[in-house]
Amino acid sequence: MHNPLRSEADAFRWIVVIGTGAASVIALTLLTRPAIGAAWAAALIGFGVGLAWRSSRGTLRGSVELSRGGDGKRRVLVVANQTVGGRALLREIENRTRGGDSEILVVTPALASSRAAHWSSDVDEAIELARQRMELSLQAIQEAGLRARGQVGDSEPNVAIEDALREFPADEIIISTHPPDRSRWLENGVVERARREIELPVTHVVVDLGAEAGAVRSA
């Protein structure tokens, strides 16, 4: 079962670590000498910086656990949220799976509508919206004659990708985003991190929902 609350759990763990470290510094200062407390504080800061640096780097390239198929099918992992129903994405999926037996897994991360909603753990609405978008995308893919299934993933897109790859033996990954000027995923380096960490081809598809809607109205 995928856990969209993992990011909140990580944040809580950091709060506990920071609070415990601060308490130990205060206690050591009171029981010994200020210089010893200062030295212990410096050591804790160095340890914390090291953990933060390691976390920001993510997993080293090739360390994401991959499952393997071996039955001749072409398996494509599609990762998208609001753009999951875009026509540009559907065309890319069709191009990637044309001319052979294929299987598609659509993963839609459950993203909170705001940082406040994210930190309050109010993700039920995000999960439901992600599920609805995923089902509409699956319907469009299946109407194109392709076999697909879907799941709602972790709120962190790269974690959602890693979770999916442990169960789905993908041959390649398609990540769909908004255009660069309004894509939070591109701003956070989701595509670059996936290419760095996973030894699979990663295709980035830009979906401009506004332009697609305008084209439909003018047709």
Side-chain angles (χ1 to χ4, degrees), residues 1-10 64 66-67 75-97 102-115 117-118 121-144 146-180 182-195 197-198 200-210 212-213:
M1 181 68 179
H2 299 273
N3 181 15
L5 300 180
R6 182 179 301 180
S7 298
E8 285 82 358
D10 290 341
V64 174
L66 302 177
S67 57
R75 290 180 170 86
V76 180
L77 173 61
V78 178
V79 185
N81 187 266
Q82 294 178 342
T83 62
V84 73
R87 290 194 299 278
L89 175 59
L90 181 58
R91 286 194 299 269
E92 186 66 30
I93 294 172
E94 291 176 327
N95 290 337
R96 293 288 172 177
T97 55
S102 62
E103 185 177 355
I104 303 159
L105 175 63
V106 178
V107 174
T108 308
L111 304 181
S113 59
S114 67
R115 290 189 179 274
H118 178 82
S121 298
D122 183 19
V123 297
D124 290 343
E125 181 180 0
I127 292 173
E128 177 60 20
L129 290 174
R131 184 189 64 79
Q132 292 175 7
R133 285 191 288 265
M134 176 195 69
E135 289 180 352
L136 290 174
S137 176
L138 291 178
Q139 181 179 348
I141 293 172
Q142 290 164 358
E143 287 175 353
L146 301 173
R147 180 167 47 194
R149 59 187 176 91
Q151 65 186 36
V152 175
D154 192 278
S155 60
E156 162 54 51
N158 291 100
V159 174
I161 293 171
E162 293 181 17
D163 288 343
L165 289 175
R166 292 188 180 96
E167 304 172 1
F168 182 72
D171 296 294
E172 63 179 301
I173 302 169
I174 299 175
I175 301 177
S176 174
T177 73
H178 292 292
R182 55 181 183 272
S183 171
R184 187 185 304 175
W185 286 12
L186 292 180
E187 180 181 350
N188 294 337
V190 169
V191 177
E192 290 79 1
R193 178 177 169 185
R195 287 172 171 162
E197 295 180 356
I198 304 170
L200 291 173
V202 176
T203 300
H204 174 216
V205 177
V206 174
V207 175
D208 190 334
L209 296 175
E212 289 188 357

Which residue pairs satisfy the salt bridge (charged side-chain N to carboxylate O under 4.0 Å, His left out) criterion with at least one member in residues 201-210, sequence neighbours excluded?
Arg182-Asp208
Out of curiosity, Ile198 CD1 to Asn158 CG, how far, rounded to the nearest 0.5 Å?
7.0 Å
Would you give the length of the straight line joining atom CG of Leu136 to atom CZ of Arg131, rounded to the nearest 0.5 angstrom?
9.5 Å
Test item: [X] side-chain N/O and [Y] main-chain N/O as donor-acceptor pair under 3.5 Å:
| X | Y | result |
| --- | --- | --- |
| Ser183 | Leu186 | yes |
| Arg87 | Glu212 | yes |
| Asn188 | Val190 | no |
| Ser137 | Val84 | yes |

For the residue pair [X] and [Y], what are the closest heavy atoms and their distance?
| X | Y | value |
| --- | --- | --- |
| Pro109 | Ser155 | CB-O, 4.4 Å |
| Gly86 | Val207 | CA-CG1, 3.7 Å |
| Leu138 | Ala148 | CD2-CB, 3.8 Å |
| Ser102 | Leu146 | OG-CD2, 4.2 Å |
| Asp154 | Glu156 | OD1-N, 2.8 Å |
| Ala80 | Ser176 | CB-CB, 3.7 Å |

Evaluate the side-chain contact (heavy atoms from CB on, under 4.5 Å) criterion for residues Val78 and Ile141: first the C-alpha distance (whole Å), next the side-chain angles of each, then the deciding distance (0.1 Å), finally the verdict.
CA-CA 11 Å; Val78 178; Ile141 293 172; 5.7 Å; no
Tell me which one of Arg184, His178, Arg133 satisfies side chain to side chain donor-acceptor pair (under 3.5 Å) with Asn81.
Arg133
A side-chain contact here means heavy atoms from C-beta on lying under 4.5 Å apart; do [X] and [Y] qualify?
| X | Y | answer |
| --- | --- | --- |
| Phe168 | Gln151 | no |
| Ile93 | Val76 | no |
| Trp185 | Val79 | yes |
| Leu200 | Glu172 | no |

Do Gln132 and Glu128 meet the criterion of a side-chain donor-acceptor pair at a distance under 3.5 Å?
yes
Taking only Lys NZ, Arg NE, NH1 and NH2, and the carboxylate oxygens of Asp or Glu, determine whether Arg91 and Glu94 approach each other closer than 4.0 Å.
no
